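What follows is one structure encoded as structure tokens, with my remarks underneath.
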Protein chains: 2
Amino acid sequence: MATAKRIRVLLAEDQTMLRGALSQLLELEPDITVIAQAANGREAHRMAREHAPDVIVTDIEMPEMTGLEFAAALKESDSKSRVIILTTFARPGYLRRALDAGARGYLLKERPASELAEAIRRVHAGLRAVDPALAAEAWGADEDPLTDRERQILQRAGDGRSSAEIATELRLSEGTVRNYLSEAIAKLGAANRVDAARIARTRGWL
Amino acid sequence: MATAKRIRVLLAEDQTMLRGALSQLLELEPDITVIAQAANGREAHRMAREHAPDVIVTDIEMPEMTGLEFAAALKESDSKSRVIILTTFARPGYLRRALDAGARGYLLKERPASELAEAIRRVHAGLRAVDPALAAEAWGADEDPLTDRERQILQRAGDGRSSAEIATELRLSEGTVRNYLSEAIAKLGAANRVDAARIARTRGWL
DNA sequence: AAAGTGTTGTGACGTTTGTCATGCGCCACG
DNA sequence: CGTGGCGCATGACAAACGTCACAACACTTT
């Protein structure tokens, strides 16, 4: 035959300008076609079920449902589509969670646009496409030491909520909330709750 | 003549993938050409002096020098280039500062990619190109009520630094730092320092 | 069955934070 | 030339925060 079938791609990215630009560029590739686009994880999940694309390219930080949750949901439902995470953040914790969720690729938005098409081809061919520098960094990276509760509470504390507010919201006593925060601060080697939240965020644990 | 001269554009954006994608798309336009690209404000400033582009498209949040500082520096040096701010953030404070710095356009990354070329044409023709929804919102927006000192201190506090640390860093007494924070908290109607920093950030005051 | 881990709670203690009153020097604006 | 705004400071008090010890219960792992 003259031309092989094009690789059918679903593109999930909340920033319209980037999504549109990448989609147009990918369409210029002879062996790739963008069959669907989504602006959040939930929409993407629906479209993935409907179209069963060969490859899914998804951002992480999106409204409604993050790309990591989306990837996990796909794995759960035994989707055949292969997932590439495309994100701004070189956080070891993100990469780890992405791979746990079955992602085959992890690409940074700081890389040239040409690498995206290349990654799509690699992943479609059954290979992996993980940013090498990040992979190396993530290798020696610490595990997330936080428990679920600690994470919940740290999120809210980093947002400016007081112990009392957090306690009410989560139906806990105020002392308990302070205990968790104290634990989290110690585990992260932070100086206080805000510092702890900042540290957890930069490592992709929050 | 057969073809008019193309509009010469400088593109400043730190995210390589977006910069590359937009640049390629703009090159597809018959009346636009991207003569230079920069990954931060300082680089952009150098290139603007060197190439004197017709239109400059710049992100705000970049390393070394922000797009707003860059625009202000251009205004200072009587540059003939017209500036379009291209950013993720629909913060009234950013728009205000952008216009103060002489920007002719303010476009959100949430808009379709096609609008960028349109904005470039409008601005090159001497018109303005400001996101209408944002302009309306910014109209009734409050001025930044913070003094320089309050801003400095609030930034650091929002980052998890203690009053004592901030005092040392800025050569102030600890009491003074607490006073400024108290003032800022009151002005912003916040519950505490972290809440205040969050509020100031979302309004583009930080 | 024992050990470990996570969740939740209490009480007590010292530190940090937020508020308020008050004061002084400086500079710009009318 | 005063008046007000800003920067900076001190002292004092109440509230919030961070730490520690200790304890109970559920659940998993060994």
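Not measured: the values here are computed from a predicted model. Reckoned from all heavy atoms, side chains included, excluding hydrogens, waters and symmetry mates. The chains referred to below are lettered A, B, ... by the order of the sequence lines, with proteins before strands, and numbering in each begins at 1.
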Euclidean distance, atom [atom1] of residue [X] to atom [atom2] of [N] [Å, nearest integer]:
X      : N      : atom1 : atom2 : result
A:L181 : D:dC20 : CG    : P     : 15 Å
A:L154 : D:dC17 : CG    : P     : 14 Å
B:Q152 : D:dC6  : CD    : P     : 15 Å
B:E183 : D:dC6  : CD    : P     : 9 Å
B:L172 : D:dC6  : CG    : P     : 17 Å
A:I153 : C:dG9  : CD1   : P     : 10 Å
A:D144 : C:dT5  : CG    : P     : 16 Å
A:D148 : D:dC27 : CG    : P     : 16 Å

Worksheet item: If only atom types and distance count, is the side chain of A:E13 paired as donor or acceptor with the main-chain N or O of A:Q15 below 3.5 Å?
Response: yes
Practice prompt. Look only at the side chain of B:S81 and the backbone of B:P53, and say whether a donor-acceptor pair between them is shorter than 3.5 Å.
Written response: yes
Practice prompt. Mind checking A:T147 for me? I need base, sugar-phosphate or nothing, with any heavy atom below 4.0 Å counting as a touch.
Written response: sugar-phosphate
Among the nucleotides [options], which one has an atom lying closest to any side-chain atom of [X]?
X      : options                : answer
A:R178 : C:dG18, D:dG18, C:dG9  : D:dG18
A:N179 : D:dG11, C:dG11, C:dG6  : C:dG11
A:T176 : C:dG18, D:dA16, C:dT10 : C:dT10

Discussion item. Looking at the base of D:dG7, is there any donor atom on it, or on the side chain of B:R149, that sits under 3.5 Å from an acceptor on the other one?
Written reply: no
Worksheet item: Within the pair B:S173 and D:dT10, is there a side-chain N or O less than 4.0 Å away from OP1 or OP2?
Response: yes
Discussion item. Taking only side-chain N and O atoms of A:S163, does any of them lie within less than 4.0 angstrom of OP1 or OP2 on D:dA16?
Written reply: no
Worksheet item: Which residue, A:E174 or A:K187, contacts DNA chain C at a nucleotide closer to its 5' end, judged by nearest heavy atom?
Response: A:K187
Worksheet entry | Verdict with supporting geometry, A:R6 and A:E29, salt bridge (Lys or Arg N to Asp or Glu O under 4.0 Å) | CA-CA 9 Å; A:R6 289 178 154 199; A:E29 301 287 333; over 6 Å; no
Discussion item. Could you tell me if A:R91 sits above the aromatic ring of A:Y94, with its cationic atom closer than 6.0 Å to the ring centre and no more than 45 degrees from the axis?
Written reply: yes
Worksheet entry | Name of the residue among A:R96, A:R151, A:K187, A:R97 meeting side chain to side chain donor-acceptor pair (under 3.5 Å) with A:D144 | A:R151
Discussion item. Using heavy-atom distances to pick each residue's nearest nucleotide on DNA chain D, tell me which of B:N192 and B:E150 is more 5'.
Written reply: B:E150
